[in-house]
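Because the structure is a prediction, the values reported are computed rather than measured. The first residue in the sequence is number 1, and the count goes up from there. Below, each value reflects all heavy atoms present in this structure, side chains not excepted, and no hydrogens, waters or symmetry copies.
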Amino acid sequence: MPIVIDINVMMAKRKLTVGRLAARVGITPANLAVLKNGRAKAIRFTTLEALCDALDCQPGDLLRYTPDTDDPEPDELESRDE
């Protein structure tokens, strides 16, 4: 998946456990684990806001984009359209 969630990094920096962060954010530890392990398909902005508040960080500290190697390059897409 091209969007990677780096909650583990911020949790380690803040020395927070899954249970404690989940309680601060207002989600279950199981849902936090889904986010941590990269299995989430989506995240609500309210959850992202709560994570940033609890971890004292910005969304960019938690989310990063890594290009999917299976995606065609932009110039490959143009040649398909012709």
Side-chain angles (χ1 to χ4, degrees):
M1 178 180 281
I3 303 295
V4 178
I5 302 177
D6 288 325
I7 293 175
N8 286 338
V9 174
M10 293 305 295
M11 285 177 61
K13 286 181 180 178
R14 304 295 188 258
K15 296 182 171 106
L16 284 172
T17 64
V18 170
R20 180 166 283 172
L21 180 58
R24 286 186 184 182
V25 172
I27 61 176
T28 65
N31 283 338
L32 182 57
V34 168
L35 287 170
K36 269 183 46 169
N37 297 326
R39 294 188 318 260
K41 300 286 185 206
I43 183 170
R44 292 177 187 254
F45 283 126
T46 53
T47 303
L48 182 59
E49 179 183 358
L51 282 166
C52 289
D53 186 47
L55 293 168
D56 190 29
C57 66
Q58 294 294 310
D61 296 327
L62 299 176
L63 304 172
R64 69 184 154 88
Y65 172 76
T66 55
D68 193 356
T69 55
D70 295 338
D71 287 342
E73 294 296 318
D75 52 340
E76 290 177 28
L77 290 174
E78 290 175 11
S79 64
R80 287 184 190 175
D81 292 338
E82 296 174 355

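Under the 4.5 Å side-chain criterion, counting only non-hydrogen atoms from C-beta, Leu35 is in contact with Ile27. Between Leu51 and Leu21 the shortest side-chain heavy-atom distance falls below 4.5 Å. A 4.5 Å side-chain heavy-atom check between Cys52 and Pro59 finds at least one atom pair inside the cut-off. Side-chain contact between Leu48 and Leu62 is present, with at least one heavy-atom pair separated by less than 4.5 Å. Between Lys36 and Ile5, the closest side-chain pair of non-hydrogen atoms is not below 4.5 Å. Between Leu63 and Asp6 the shortest side-chain heavy-atom distance does not fall below 4.5 Å. The closest side-chain heavy-atom distance from Asp61 to Met10 is below 4.5 Å.
Scanning both residues, Ala22 and Leu32, for their nearest heavy atoms gives N-CD2, 3.7 Å. Of all the heavy atoms in Gly19 and Pro29, the pair that sits closest is CA-CG, 4.5 Å. Closest non-hydrogen pair, Thr66 versus Val4, comes out as OG1-CG2, 3.6 Å.
One distance of note links SG of Cys57 with NZ of Lys13; it measures 9.5 Å at 0.5 Å rounding. The line from CG of Asp68 to CD1 of Ile3 is 10.5 Å long, rounded to the nearest 0.5 Å. Atoms CZ and CG, on Arg24 and Leu55 in that order, are 8.5 Å from each other to the nearest 0.5 Å.
At distances below 3.5 Å, not a single donor-acceptor pair connects side-chain atoms of Arg14 with backbone N or O atoms of Ala54.
Under the 4.5 Å side-chain contact rule for hydrophobic residues, Leu16 and Val34 do not share a cluster.
For Arg20, the CZ atom counts as loosely surrounded, since its 6.0 Å shell holds 12 or fewer non-hydrogen atoms of other residues, nucleotides or ligands.
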